[in-house]
Amino acid sequence: MNEGVLISAQDLVLNINDRTLLDRASLALSAGDRIGLVGRNGAGKSTFMRLLANETEADDGVITRRRDLVTGYLSQAFELDSNLTVLEAARDGARHVLSLIHEFENLPGHSSRHDHLEERIQQLEGWTVDSRVRTALNQLGCPPDERQIGQLSGGERRRVALARALIARPDFLMLDEPTNHLDTESVEWITEFLAGYSGGLLVVTHDRHFLDSVATTIVELRNGKFERYDGNYSEYLLQRAEKLATEEVTEHKRQMFLRREIEWVRRRPKAQTSKSQARLDRFSAAESAGPPPSESEMELVIPPPPPLGNRVVEIEGVGMEFGGRRLFSDLSLNFAGGTRIGVTGRNGLGKTTLLRILLGEMPPTEGEVRIGSLTRFNYVDQGRLRVNEERTVLEEVSDGTEWVQWGDEKLSLRGYLKRFLFTDDRITTQVKHLSGGERSRLLLARVLKRGGNFLVLDEPTNDLDLQTMRILEEALTLFPGCVLVVSHDRYFLNRVCTGILAFEGEGRVVFSEGNYDYYLEKRRRAASGSGSGGREFKLSGSASTPKAGKVRKLSFKEQRELEGIEAVIQSAEAQVTERESQFLDPEFVRKNGARMQALLAELETAKAGVASLYSRWEELEAVRAAAAQP
């Protein structure tokens, strides 16, 4: 192995049922690597991690590991001993360190292993294991130390399993969807933890903001091969789009060559000269090369909703106490068509409780919820739906019918499932034989088939691959009804939401127009002392120094400008978001390949325009605040 390489995978081959996941795939993982592994669900990302963790074997190929390599691994299908306490299960992640400490403490004073063990324990930061366990459990919001694993929910178990993986300080850390079931604060802590982590990292995650913050290299598993890109996720998107555009140009040239040469092949002279044979060989090589492998795109479709009435949902003065604790109070919201509200905040603050109140499953302690007569809810919870492993995909979705109601018309169930990338053979496959990605698409197809004009989604992006998430985002932004979505995915909230309802703790719930980044910016300004509380942040700058004993006041024109500048900022940020989303579409890059640099420059200019608007807002608020001083 090359110096610095921790794990080397060479020419791996792996077939599961009738699918090839790895096709002579090779990848070297080195110390200091920060790799984000991406690809469609079912492409083999989790299976590759299991290969590296010695939990399964490839059909062919070799995996080589550095001697004495310590690895940490959080799988999606992790296992914890139900009889252990939370503290015991977390400390179990440092078992290798604790065994060294135990041996060291029981060595005779003259033992030759004394110095070696002490050095190794120090390398692994073994003397700080208990403090690291305590920090991880606290920051990840894990249950109390004495709780037994068998008493915990699935989300609580996952937090403990994540703590167990992190505290070991391994040479190489593998994390499969580490941010699932975590709130924003916990994700931020993990991001900071990994920034100071000195070992190698391989992470599979659907959280694109997390991937942007953590990864310095993106490896895509595509058609059984690994493709490596330098940079974070955003840089990978641009590089991949350019690569696909190049592949399309190359294929276009190949097709032109074949069309030009095929007539010659048909009427080529019978005498086989060396020159004509060489020309024939070039034609055969181009013909056999074939087009670059393509990937089908899922056409995520939400059935057209029935029309909404004048009243959709009105929440007035709603509050809730639970278990003697006040979760929130005096909450008022009015939903209208096209409203897409993102609900965010730490777990346990009342987000899911609010959804249950809205759906009529739980009465509020105070206040009133008024539902319009034409409002029809479609609720997708975190667990989504249980599936029958023995039934086929078609049977799971059909509910005894072979049609999906599509507005005033009907769509065949098979046609509907094909839009979710189920081929004819997979439509008749039993659920137990589906990959994780296929299960996610099956569940989405099943719940979205129910229709409705008010979608209530609780963590809808868990376990979806990045391509499917992008398509879901586009479908939601085009949905003419209402959307209320609980999510900790910052990237998702930025792309979808027109407003943020933030549960900030201690009963405080804040509503902010705009996307999640806009909410964070206003929160930051408010925390710096330049804003006041209330239903929505009111930001103001610091007071300016008066001249000649006079305090300048806003002119009538400036007052009007200040009143409308928030809407202007939101519009400008929406344009930036739209421009950025265009670069995610390979078709856009292919069609505008020659103008890419100019388009990127326009994007940077638009971003600078947003920054300029914020500066102008601060300037006007500073004048207004100074004039308001007694």
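Using a 4.5 Å heavy-atom cutoff, the side chains of F210 and V203 are in contact. Taking the side chain as every heavy atom from C-beta outward, V214 and T191 approach each other to under 4.5 Å. Side chains of D145 and R134 form a contact here, defined as non-hydrogen atoms less than 4.5 Å apart. Using a 4.5 Å heavy-atom threshold, the side chains of I190 and L162 count as touching. Side chains of T47 and L22 form no contact here, defined as non-hydrogen atoms less than 4.5 Å apart. The shortest side-chain heavy-atom distance between E235 and D230 does not fall under the 4.5 Å cut-off. Looking at heavy atoms from C-beta onward, T71 lies out of side-chain contact with N54 at the 4.5 angstrom threshold. Between L442 and F422, the closest side-chain pair of non-hydrogen atoms falls below 4.5 Å.
A donor-acceptor contact closer than 3.5 angstrom is absent between the side chains of D489 and S487.
Shown here for R346 and K351, the closest heavy-atom pair between the two residues is O-NZ, 2.9 Å. Minimum heavy-atom separation, Y73 to A53: CD2-CB, 3.5 Å. Taking all atoms of both residues into account, the shortest heavy-atom contact from L175 to A165 is CD2-CB, 4.4 Å. Of all heavy-atom pairs between L74 and A161, the closest is CD1-CB, 3.7 Å. Between V129 and G126, the closest heavy-atom pair is CG2-O, 3.2 Å. In this structure, A90 and V133 approach most closely via the heavy-atom pair CB-CG1, 4.0 Å.
Taking the six-membered ring for Trp and thresholds of 30 and 60 degrees, H114 and F104 have ring planes inclined between 30 and 60 degrees apart. Y197 and F193 have parallel rings, their planes meeting at less than 30° on a 0 to 90° scale where 60° marks the start of perpendicular.
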E227/R240 under side chain to side chain contact (heavy atoms under 4.5 Å, CB included): CA gap, chis, key distance, verdict: CA-CA 10 Å; E227 300 177 2; R240 186 179 189 274; 5.6 Å; no
Worked verdict on T423 versus D425 for side-chain hydrogen bond (donor to acceptor under 3.5 Å, both in side chains): CA-CA 6 Å; T423 57; D425 62 316; 2.4 Å; yes
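Formation of a donor-acceptor pair under 3.5 Å by the R356 side chain with backbone atoms of M362 is not found in this model. In terms of modelled atom types and a separation under 3.5 Å, the side chain of E220 and the main chain of V38 share no donor-acceptor contact. R65 contributes a side-chain N or O that, together with a main-chain N or O of L52, makes up a donor-acceptor pair within less than 3.5 Å. Checked by atom type and distance alone, the side chain of S99 pairs as donor or acceptor with a backbone atom of H96 at under 3.5 Å. Remark: the backbone N or O of L69 is not paired with any side-chain donor or acceptor of D171 at under 3.5 angstrom. With hydrogens and angles ignored, the 3.5 Å screen pairs no side-chain donor or acceptor of D92 with any backbone N or O of R164.
Within a 6.0 Å sphere centred on CD of Q122, other residues, nucleotides and ligands contribute more than 12 heavy atoms. A 6.0 Å sphere centred on CZ of R95 holds no more than 12 heavy atoms belonging to other residues, nucleotides or ligands. Heavy atoms from other residues, nucleotides or ligands lying under 6.0 Å from CD of E389 number more than 12.
Across D212, L237, T217, a single residue satisfies side chain to side chain contact (heavy atoms under 4.5 Å, CB included) together with N232, and that is D212.
Ionic pairing of R490 and D207 is not present here: no N-O contact between side-chain nitrogen and carboxylate oxygen is shorter than 4.0 angstrom.
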